[in-house]
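Keep in mind that the numbers below use all heavy atoms, side chains included, and drop hydrogens, waters and symmetry copies. Treat the numbers as computed from the prediction; the structure is a model and nothing was measured.
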Amino acid sequence: MLRPSTQKYAVNRPLYSEDGFEDEHAKVYRKHKRLLDHVKQYLTCTSERAKNAAVSLLPIIGWIRIYPIKEWLLNDIVSGVSTGLVAVLQGLAFSLLASISTWYGLYAAFFPVILYFFLGTSRHISVGAFPVLSLMVGAVVTRLVPDDGPAANITAFEGLTKDEQRILVSASLTFLVGLFQLGMGLLQVGFIVMYLSDTLISGFTTAAAVHILISQLKFVLGLTVPGFSGPFAIIYTLESVFTQITSTNIHDLVTSIVVMVAVLGVKEINDRFKSKLPVPIPIEVIMTIIACGVSYAFNFSENHGVDVVGKIPNTFESPMAPDMQVFQMTAVEAFPIAIVGFAVAFAVAKVYSVKHDYVIDGNQELIAFGASNIFGGSFKSLVASTALSRSAVQESTGGKTQIAGLISAIIVLVVILGIGFLLEPLPKSLLGAVVIVNLKGMLMQVVTVPYLWKKDRPDCIVWVGTCLAAIFLGLDIGLAIGLGLELLTVVFRAQFPRCSILANISGTDIYRDRKDYVNIYEPEGVKIFKIPSPIFFANIDFFRDKLKDAVGFNPLRILRKRNKALKKIKKLIKKGELTLTSNGLQATCSMPIEESEDEGNMEDLDKPTDYSDLPIQVNWNAELPANIRVSPVNIHSLVLDFSAVSFLDISALKGLQATLKEFIRIDVDVYIVGCDPYIIEKLKNCKFFDDEIKTSIFFLTIHDAILYIHESHPPKTVSEKVSGSFQYQHNNGSSMSNGLTIQEMPDMKMEVETDTKPETRF
């Protein structure tokens with residue numbers, strides 16, 4: 001924290017308007033490229049561009065040639081072995097979420113990793129199955145191939161078993177997700193992840209964790225629960241679980257409880273003593289070995305009815321082509337899966353890139369994951385992204401590059417081809433317990449809700465709305481609702497910004513909200529209005545309303561009343577009911593003059609006040625004769641702070657122009673300060689300026705504008721009255737003096753009385 005400084009600074013410079021500043025300081029001319037210039041540059045090929053394109057498309061070229069073998073290779077090997085063991089277990093566990101055979105989860109830890117090794121820009125994430133994506137895939141699989149009832153009408157399903165049908169759906173969906181990601185990467189739309197805020201992702205993943213937790217209850221309790229999909233599927237699942245709760249398999253339950261307690265306890269030890277442990281204790285792997293041994297020794301599958309992993313083929317299955325009918329039926333779900341998978345992987349990759357000081361490319365990451373999922377889908381793999389816990393293992397055990405990922409893929413390969421049979425007696429309840437334990441981080445995100453409610457309620461609404469919608473309506477609909485809520489908050493913040501009236505901190509050139517400070521000075525007759533957001537079609541009316549509230553009157557209404565009053569005065573003079581004499585204005589009417597019901601043409605009333613046929617100029621802040629009333633205007637200058645305005649659209653430009661003219665036509669000088677030069681240039685190009693609105697209204701700072709206003713309108717400190725008087729008489733003979741001020745009367749004398757000399761305070 002910086003300590004308060006005792007130093008002061010003084011700047012002696014001229015008072016600058018934008019015009020004056022440009023006259024004194026020449027701008028550098030920069031030629032703006034046309035669309036054709038950008039196209040030519042994009043299509044131009046040089047050796048340097050070809051080299052950069054190759055490095056960009058194959059990031060491995062960039063880091064493999066500078067890879068320090070002696071320093072990094074051993075770390076990558078140790079990290080790869082540790083990550084590979086975790087990847088095997090998580091692959092088996094996450095395949096249960098997708099409602100497919102367990103060994104297909106192992107494919108997600110092998111095939112996508114190979115492609116990502118060459119194409120990915122992150123050096124630390126572990127590519128493979130991710131529980132949220134597996135659950136989303138499982139929802140699609142159970143929709144097309146339900147546990148009970150016939151499968152969807154797809155030609156390719158003919159002659160296939162239910163498991164084979166589900167594999168076809170899962171592989172085709174993975175392929176389609178890869179196509180979406182690859183297409184977005186080639187179109188350079190990696191920026192799309194910016195529309196998924198941390199708040200939205202947090203609420204969505206928390207809801208996904210709840211879904212995952214509920215889906216694993218059937219394995220933990222050893223129940224047979226059909227898969228449900230669509231809105232309120234979680235309710236139907238819970239209903240089915242509690243209906244069968246009395247049929248719980250005690251062996252599955254005990255196994256799950258023991259595994260969860262052991263894994264949670266050792267993970268806590270790993271976190272607490274991570275600085276002292278060379279590598280985290282692989283408790284999941286240890287519990288897997290113990291559970292396999294116990295299950296095999298006591299024959300859990302046959303003697304106690306425990307559901308186990310079963311036979312794992314010791315070879316890879318032949319690749320398959322995706323089915324176009326499945327594409328058509330799953331396209332709606334595939335797109336959010338592609339977005340969520342990329343968003344999670346990019347967020348994790350960004351954390352490690354900042355920590356280890358290297359750059360990742362969002363568009364290249366899309367290409368890498370797209371190609372990886374296309375390749376994996378061809379070999380019946382699950383959708384690949386990254387798992388937070390697995391990536392943490394890879395980084396914390398010393399992994400430096402994706403060579404660690406390649407080593408982990410080799411470990412998975414060894415398990416698939418060599419020792420997979422050792423995992424056949426593994427209880428599925430252990431896999432369910434491992435999945436639930438790994439949800440701790442996502443479920444604990446719920447503690448951020450009270451913080452968000454206190455600090456940022458719109459963000460809290462996004463979090464809660466996304467989470468509840470995703471829980472009850474499904475992850476795909478929940479994500480769409482979350483995006484809608486997030487866009488609504490953005491629109492709400494931009495459309496209804498917190499406008500403020502500024503005042504001067506006495507003795508400085510600093511201006512702050514007058515409500516926030518005590519020792520503050522508001523210049524007399526001046527309103528300083530700050531607009532804290534861009535002005536566009538959606539908020540221009542809000543801006544105009546707030547401006548009217550700030551000044552305390554409607555300028556257009558004042559202008560119309562003045563024009564009506566002026567027409568009435570001219571009419572009375574023309575009829576002889578109000579005459580101009582050497583003693584003043586004399587009214588000859590016998591009764592007080594009432595306003596006419598005829599308001600005339602409204603367009604004429606909106607025009608500037610015309611004094612051409614009137615021998616006097618009216619002081620509208622004084623009392624007028626003949627019962628004519630016009631609300632006074634208590635300011636002479638209005639300063640608009642545009643320092644936070646980043647753009648104006650055409651609708652806002654027209655609205656701003658109309659607003660400025662309304663103030664100018666009632667003799668309120670308007671100044672705009674802190675405006676971006678590019679906005680001023682746009683105003684010039686759009687013919688914003690005319691005889692009423694000049695470029696001279698723009699000033700560099702608020703202080704420049706206030707000093708200029710003080711020169712034009714010296715502030716009054718005690719009393720300063722410029723008064724003249726007319727007399728008008730009713731036919732009853734009584735005379736009354738009124739406050740109509742004559743500023744110019746060629747045929748009459750004008751007396752000006754001043755009580756004190758004006759004193760300038762600033």
Side-chain angles (χ1 to χ4, degrees), residues 97-100 104 108 112 129-130 132-146 150-158 160 164-193 195-196 200 204 208 211 227-231 233 319-345 363 365-385 469-470 473-484 487:
L97 299 173
S99 301
I100 59 177
Y104 292 105
F130 179 53
V132 176
L133 298 187
S134 300
L135 186 68
M136 296 176 77
V137 170
V140 178
V141 168
T142 54
R143 178 172 65 84
L144 297 183
V145 189
N153 186 17
I154 297 176
T155 305
F157 281 178
E158 295 181 3
L160 299 181
E164 291 172 339
Q165 291 174 349
R166 290 189 167 187
I167 292 304
L168 176 62
V169 173
S170 173
S172 299
L173 180 60
T174 300
F175 196 98
L176 183 56
V177 168
L179 287 179
F180 277 130
Q181 291 176 332
L182 182 62
M184 289 189 291
L186 294 176
L187 293 175
Q188 304 287 291
V189 292
F191 63 87
I192 196 172
V193 73
Y195 293 99
L196 301 177
L200 186 146
F204 178 79
H211 275 280
F228 297 97
S229 60
M320 62 177 292
D323 185 75
M324 297 305 296
Q325 282 185 282
V326 176
F327 278 7
Q328 295 174 3
M329 294 184 176
T330 61
V332 175
E333 291 95 341
F335 187 74
I337 292 174
I339 296 297
V340 172
F342 168 66
V344 171
N363 293 313
E365 286 294 292
L366 272 172
I367 292 174
F369 277 106
S372 298
N373 281 318
I374 290 173
F375 183 56
S378 301
F379 286 90
K380 306 178 182 178
S381 164
L382 270 174
V383 176
S385 178
L473 301 180
L475 294 179
D476 49 352
I477 298 176
L479 180 62
I481 291 175
L483 279 171
L487 291 177

To the nearest 0.5 Å, what is the distance between CZ (Phe157) and OG1 (Thr155)? 10.0 Å
What distance separates Phe204 CZ from Leu483 CG, expressed to the nearest 0.5 Å? 9.5 Å
Which heavy-atom pair separates Ala368 from Ser372 by the least distance, and what is that distance? O-OG, 2.7 Å
Short question: side chain of His211, backbone of Ala470 - any donor-acceptor pair under 3.5 Å? yes
Side-chain heavy-atom pair Val332, Asp476 within 4.5 angstrom cut-off: no
When rounded to the nearest 0.5 angstrom, what is the spacing between NZ in Lys380 and CG in Leu382? 13.5 Å
Going from CZ on Phe342 to CG on Leu133, what distance comes out if it is rounded to the nearest 0.5 angstrom? 13.0 Å
Which atom pair, heavy atoms only, marks the closest approach of Ser381 to Ala108? OG-CA, 3.1 Å
Could you tell me whether the side chain of Thr174 and the main chain of Gly377 form a donor-acceptor pair under 3.5 Å? no
Determine yes or no for a side-chain-to-main-chain donor-acceptor pair under 3.5 angstrom, with Asn373 supplying the side chain and Ala384 the backbone. yes
Hey, are the side chains of Leu475 and Ile337 touching, using non-hydrogen atoms and a 4.5 Å cut-off? no
A side-chain contact here means heavy atoms from C-beta on lying under 4.5 Å apart; do Leu176 and Pro322 qualify? no
Stepwise side chain to side chain contact (heavy atoms under 4.5 Å, CB included) check, Gln165 with Val169: CA-CA 6 Å; Gln165 291 174 349; Val169 173; 5.7 Å; no
Measuring from atom CG of Leu160 to atom CD1 of Ile167, what distance do you get when rounded to the nearest 0.5 angstrom? 11.0 Å
Minimal heavy-atom distance between Ser99 and Thr142, with the atoms involved, is OG-CG2, 3.6 Å
Got a donor-acceptor contact below 3.5 angstrom from the Ser172 side chain to the Asp323 backbone? yes
For a 4.5 angstrom cut-off between non-hydrogen side-chain atoms, does Met184 reach Ile339? yes
I'd like to know if the side chain of Ser170 reaches the main chain of Arg166, judged simply by a donor and an acceptor atom lying under 3.5 Å from each other, with no hydrogens or angles considered. no
Report the distance from atom CE of Met329 to atom CD1 of Ile154, rounding to the nearest 0.5 Å. 4.5 Å
I need the minimum non-hydrogen distance between Ala208 and Leu135, along with the two atoms involved. O-CD2, 3.8 Å
On a heavy-atom basis, which atom in Gly341 and which in Gln181 lie closest, and how many Å separate them? C-NE2, 4.5 Å
Do Val137 and Ile100 touch side chain to side chain, with heavy atoms closer than 4.5 Å? no
Write down the atom of Leu200, the atom of Leu479, and the distance for their closest heavy-atom approach. CD2-CD1, 3.7 Å
So, for Phe335 and Phe180, is the gap between ring centers shorter than 6.0 Å? yes
With the side chain counted from C-beta on, respond yes when Ile477 and Pro231 share a heavy-atom pair under 4.5 Å apart, and no when they do not. yes
Using a 4.5 Å cut-off on heavy atoms from C-beta on, say whether the side chain of Leu366 contacts that of Leu182. no
